[in-house]
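First the structure, in the form of structure tokens, and then the observations on it.
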Amino acid sequence: MRQGTGRRRQHGDNGHDEKGEGRKAIHDRTIPGWSYICSPARAENGRLRSAALVFSLTIRFHKGPAVPDSETIAMRLTRYFLPILKEPPREAEIVSHRLMLRAGMMRQEAAGIYAFLPLGFRVLQKICQIVREEQNRSGAIELLMPTIQSAELWRESGRYEAYGKEMLRIQDRHEREMLYGPTNEEMITEIFRAYVRSYKDLPLNLYHIQWKFRDEVRPRFGLMRGREFLMKDAYSFDLDQAGAQHSYNKMFVAYLRTFQRLGLKSIPMRAESGPIGGNLSHEFIILAQTGESEVFCHKDYLDFAVPGANVNFDDVAGLQATVDQWTSQYAATSDMHDAAAFAKVPADKQVSARGIEVGHIFYFGTKYSAPMKAVVATGAGGEVPVHMGSYGIGPSRLVAAIIEASHDDAGIVWPEAVAPFKVALLNLKQGDAGTDGACAQLYKDLTAKGVDVLYDDRDERAGGKFATADLIGLPWQVMIGPRGLAEGKVEVKKRADGSREMMSPAAALDLLSK
RNA sequence: CGGGGCGUAGCGCAGCCCGGUAGCGCAUCUGCUUUGGGAGCAGAGGGUCGCAGGUUCGAAUCCUGCCGCCCCGACCA
């Protein structure tokens, strides 16, 4: 995994070798949360006995700001690990759960606990990367906190007793009370107070992408409502409420951008206000026919503009204007629904649909900073507890949510931004010199252009390859068979609308490498 | 946590009521024929029937206990 050039040569076909400079990218490759890779250094000193490291994990940090996803992955299906199922296991009820199992994306290991198989993992990585880029763009700073926390920390905020059975409580060998973190407000507050003393260090927004555990009474719907789930949680620190409002607005805008980039239409909906009151709490809902809850909103939300990549996050008035627009009309989930208020929306503007919560942001003032004494010196002398907010996005849930929002009878229809591969290359007559040669050439050419391509080189009939390609939902399918090749053409199909076109391999290469 | 249901081959299921040492489809392996929307024929491998007790000459089947999983509800990212 490190520098073994000999080893890399063996894997010559996965495309890493095609590009010399790809090596560094792989090395620094961001892996959401962490990677289970035991580094030589770790193995040698071997004395790390921290309870959090019982699995000999090495945590590799991702360096610096957004890493463009430039790593090209090409793969031959015969060498990949893609356990497709014709029939989904009986327990899978909702469409995303069924499709994820059928497409070999994940496997259930216990109730509400899943392993991500390679295809699913790639989607999760892509989602995390987009989330990360937009967090960074807004000025938030990534760190990584542990999954295991001490009960002591939670006693300070009073939540150890208050949290209830959803919190997984565990004991280490010294019978110290620990817990598997369901969230990290206490820990981030502890980190903040340890180092930050002055208003001059504010504002500050720290986030991480880490696994959480909530011992739901009844986990269900596959990844949508698992017990273990990956979460991006950001925490903002400001001197006062006005500052906190701006921090909130930054995240609000970052969320609009994040979900748009993921290929989703998201609508911020008023959520239950925090202990401070006001209206600084929103759930971000994406619309999906099979969504978990009923939502009601004004039709204009579907056409509001999402700020571009050049949005100025330091423009206080500008961000406020954006947030004002995006909160100007009626939008509520069923539990916050006010039928009378909704009735005032013009009939032709009323949208009632189903949705899935994929993000939640809120301001909670000094709820943790006051009891935990996270205070800073003000410019006027004296100290005040900082005003905080927290902002969550569930990348693992998003994998399922995107499928709920984007699928058809044949399978998944991935938005291009999160697709595990961009192109499925189907050799319709494996073993035929003509198709084999044409496929090999296009495979090589696409890889050289940096296009993620999954080459179905199995000795399967064409029908089986079509079905598999539709199921796993890659945005583009290139079908190469003797029929088209007789005229020097290949067929390119767009998964999203099923449209297909015969074209020369050169034209296909051009189209797909744009 | 209340209510319901299910654990038999990798997946989907039958067999259980009425006890006699396990079967079907798909998948997998071999061979031949096929080859543009999940092919056909022939053959093969694979299961301590969730676990533990009990009843019986004999238990997948009957009884008891436990474990796991799913669905509805309450709850939540």
Side-chain angles (χ1 to χ4, degrees), chain A residues 83-94 97-98 101-102 104 107-114 131 163-167 181-184 209-233 255 269 271-272 281-286 291-293 333 335 355-362 390-401 409-411 426-432 434-435 456 458-472 477-486 489-491 493 498 500 502:
Chain A
I84 297 280
L85 298 177
K86 265 192 182 175
E87 296 173 280
R90 177 167 39 97
E91 68 268 15
E93 290 275 317
I94 65 165
H97 193 189
R98 296 173 68 86
L101 291 170
R102 286 196 56 210
R107 176 170 179 80
Q108 178 167 334
E109 293 298 339
I113 298 176
Y114 298 88
V131 168
Y163 212 94
K165 290 190 153 184
E166 273 197 354
M167 182 151 73
T183 177
N184 286 66
I209 299 177
Q210 178 64 292
W211 294 93
K212 306 290 190 293
F213 193 91
R214 291 183 192 169
D215 199 0
E216 299 280 346
V217 192
R218 176 150 110 81
R220 61 180 124 173
F221 306 145
L223 277 185
M224 292 280 288
R225 180 86 182 277
R227 291 194 292 173
E228 187 183 59
F229 56 98
L230 191 60
M231 182 156 122
K232 184 285 302 180
D233 39 328
Y255 277 35
M269 300 197 178
E272 289 192 41
S281 180
H282 288 90
E283 292 180 354
F284 283 74
I285 304 287
I286 62 163
E292 57 188 346
S293 53
T333 56
D335 40 325
I356 300 169
E357 182 184 350
V358 289
H360 196 162
I361 62 178
F362 51 97
S390 73
Y391 315 90
I393 290 180
S396 55
R397 160 175 266 221
L398 269 165
V399 177
D409 290 344
L426 311 188
N427 185 342
L428 300 185
K429 190 166 184 180
Q430 200 72 40
D432 176 273
T435 60
D456 190 344
R458 295 173 302 163
D459 188 16
E460 279 285 321
R461 299 166 65 83
K465 296 193 180 189
F466 295 142
T468 296
D470 285 347
L471 173 62
I472 66 177
Q477 296 172 14
V478 180
M479 295 167 275
I480 301 186
R483 193 182 293 175
L485 228 41
K489 302 225 165 136
V490 301
E491 185 170 9
K493 172 180 159 184
R500 44 183 81 204
M502 301 298 295

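Each chain gets a letter, A, B and so on, in the order its sequence line appears, and its residues count up from 1.
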With a 4.0 Å cut-off on heavy atoms, is [X] in touch with a base, just the backbone sugar-phosphate, or nothing at all?
{"X": "A:Gly484", "result": "base"}
{"X": "A:Gly464", "result": "base"}
{"X": "A:Gly481", "result": "base"}
{"X": "A:Ser396", "result": "nothing"}
{"X": "A:Pro83", "result": "nothing"}
{"X": "A:Ala462", "result": "sugar-phosphate"}
{"X": "A:Glu93", "result": "sugar-phosphate"}
{"X": "A:Gly359", "result": "nothing"}
{"X": "A:Lys232", "result": "nothing"}
{"X": "A:Arg500", "result": "base"}
{"X": "A:Ala92", "result": "nothing"}

Considering only the [atom1] atoms, how many Å lie between [N] and [M], rounded to the nearest integer?
{"N": "B:rC75", "M": "B:rA39", "atom1": "P", "value": "48 Å"}
{"N": "B:rG3", "M": "B:rG47", "atom1": "C1'", "value": "34 Å"}
{"N": "B:rA9", "M": "B:rG45", "atom1": "C1'", "value": "11 Å"}
{"N": "B:rC18", "M": "B:rA59", "atom1": "C1'", "value": "14 Å"}
{"N": "B:rG46", "M": "B:rG10", "atom1": "C1'", "value": "10 Å"}
{"N": "B:rA74", "M": "B:rC67", "atom1": "P", "value": "27 Å"}
{"N": "B:rU61", "M": "B:rC17", "atom1": "P", "value": "9 Å"}
{"N": "B:rG7", "M": "B:rA52", "atom1": "C1'", "value": "16 Å"}

Send over the distance from [X] [atom1] to [N] [atom2], rounded to a whole Å.
{"X": "A:Arg458", "N": "B:rG37", "atom1": "CZ", "atom2": "C1'", "answer": "13 Å"}
{"X": "A:Leu426", "N": "B:rG38", "atom1": "CG", "atom2": "P", "answer": "14 Å"}
{"X": "A:Gln430", "N": "B:rA39", "atom1": "CD", "atom2": "C1'", "answer": "17 Å"}
{"X": "A:Asn427", "N": "B:rU35", "atom1": "CG", "atom2": "P", "answer": "16 Å"}
{"X": "A:Glu91", "N": "B:rG12", "atom1": "CD", "atom2": "C1'", "answer": "11 Å"}
{"X": "A:Ile113", "N": "B:rG68", "atom1": "CD1", "atom2": "C1'", "answer": "13 Å"}
{"X": "A:Tyr114", "N": "B:rC69", "atom1": "OH", "atom2": "P", "answer": "10 Å"}
{"X": "A:Glu228", "N": "B:rA77", "atom1": "CD", "atom2": "P", "answer": "18 Å"}

Are [X] and [Y] close enough that some pair of their side-chain heavy atoms sits under 4.5 Å apart?
{"X": "A:Gln430", "Y": "A:Asn427", "result": "yes"}
{"X": "A:Ile472", "Y": "A:Ile84", "result": "yes"}
{"X": "A:Arg227", "Y": "A:Arg214", "result": "no"}

Contact under 4.0 Å: [X] side-chain N or O vs [N] OP1/OP2:
{"X": "A:Arg220", "N": "B:rG73", "result": "yes"}
{"X": "A:Lys165", "N": "B:rC1", "result": "yes"}
{"X": "A:Gln108", "N": "B:rG68", "result": "no"}
{"X": "A:Lys86", "N": "B:rC11", "result": "no"}
{"X": "A:Arg218", "N": "B:rC1", "result": "no"}
{"X": "A:Arg461", "N": "B:rU34", "result": "no"}

Is a donor-acceptor pair below 3.5 Å formed from side chain [X] to base [N], judging by atom type as modelled?
{"X": "A:Arg214", "N": "B:rC76", "answer": "no"}
{"X": "A:Glu87", "N": "B:rG25", "answer": "yes"}
{"X": "A:Arg102", "N": "B:rG38", "answer": "yes"}

Regarding [X] and [Y], does a basic nitrogen lie under 4.0 Å from an acidic carboxylate oxygen?
{"X": "A:Arg397", "Y": "A:Glu292", "value": "yes"}
{"X": "A:Glu228", "Y": "A:Lys212", "value": "no"}
{"X": "A:Asp470", "Y": "A:Lys493", "value": "yes"}

Identify the nucleotide, in any strand shown, that forms a Watson-Crick or G-U wobble pair with [N], with both distances under 3.5 Å; if there is none, say none.
{"N": "B:rC32", "result": "B:rG40"}
{"N": "B:rC75", "result": "none"}
{"N": "B:rC62", "result": "B:rG54"}
{"N": "B:rC24", "result": "B:rG12"}
{"N": "B:rG46", "result": "none"}
{"N": "B:rC6", "result": "B:rG68"}

Exercise. Starting at the 5' end of RNA chain B, which residue's closest nucleotide do you reach first, A:Lys489 or A:Ile94?
Worked result: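 Between the two, 5'-proximity favours A:Lys489.
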Measure from the side chain of [X], starting at C-beta and using heavy atoms only, and say which of [options] lies closest.
{"X": "A:Glu357", "options": "B:rU35, B:rA77, B:rC76", "value": "B:rA77"}
{"X": "A:Arg90", "options": "B:rA77, B:rC13, B:rC1", "value": "B:rC13"}
{"X": "A:Arg397", "options": "B:rC1, B:rA77, B:rG12", "value": "B:rA77"}
{"X": "A:Phe229", "options": "B:rC70, B:rG38, B:rA77", "value": "B:rA77"}
{"X": "A:Glu216", "options": "B:rG36, B:rC69, B:rC75", "value": "B:rC75"}
{"X": "A:Asp470", "options": "B:rG37, B:rC70, B:rA77", "value": "B:rG37"}

Exercise. Judged by atom type as modelled, is there a donor-acceptor pair below 3.5 Å linking the side chain of A:Tyr255 to the main-chain atoms of A:Tyr391?
Worked result: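 Side chain of A:Tyr255 to backbone of A:Tyr391: a pair is present.
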Exercise. Counting distance only, does the side-chain N/O of A:Asp215 pair as donor-acceptor with the main-chain N or O of A:Val217 below 3.5 Å?
Worked result: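 Side chain of A:Asp215 to backbone of A:Val217, a donor-acceptor pair under 3.5 Å: no, none is there.
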Exercise. Under the ring-ring contact (aromatic ring centres under 6.0 Å, His included) criterion, do A:His282 and A:Phe284 qualify, and how do the steps go?
Worked result: CA-CA 6 Å; A:His282 288 90; A:Phe284 283 74; 7.1 Å; no
For this session: Taking all non-hydrogen atoms of both residues into account, name the closest pair between A:Glu93 and A:Arg98 and its distance.
Result: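 Taking A:Glu93 first and A:Arg98 second, the nearest heavy atoms are O-CD, 3.6 Å.
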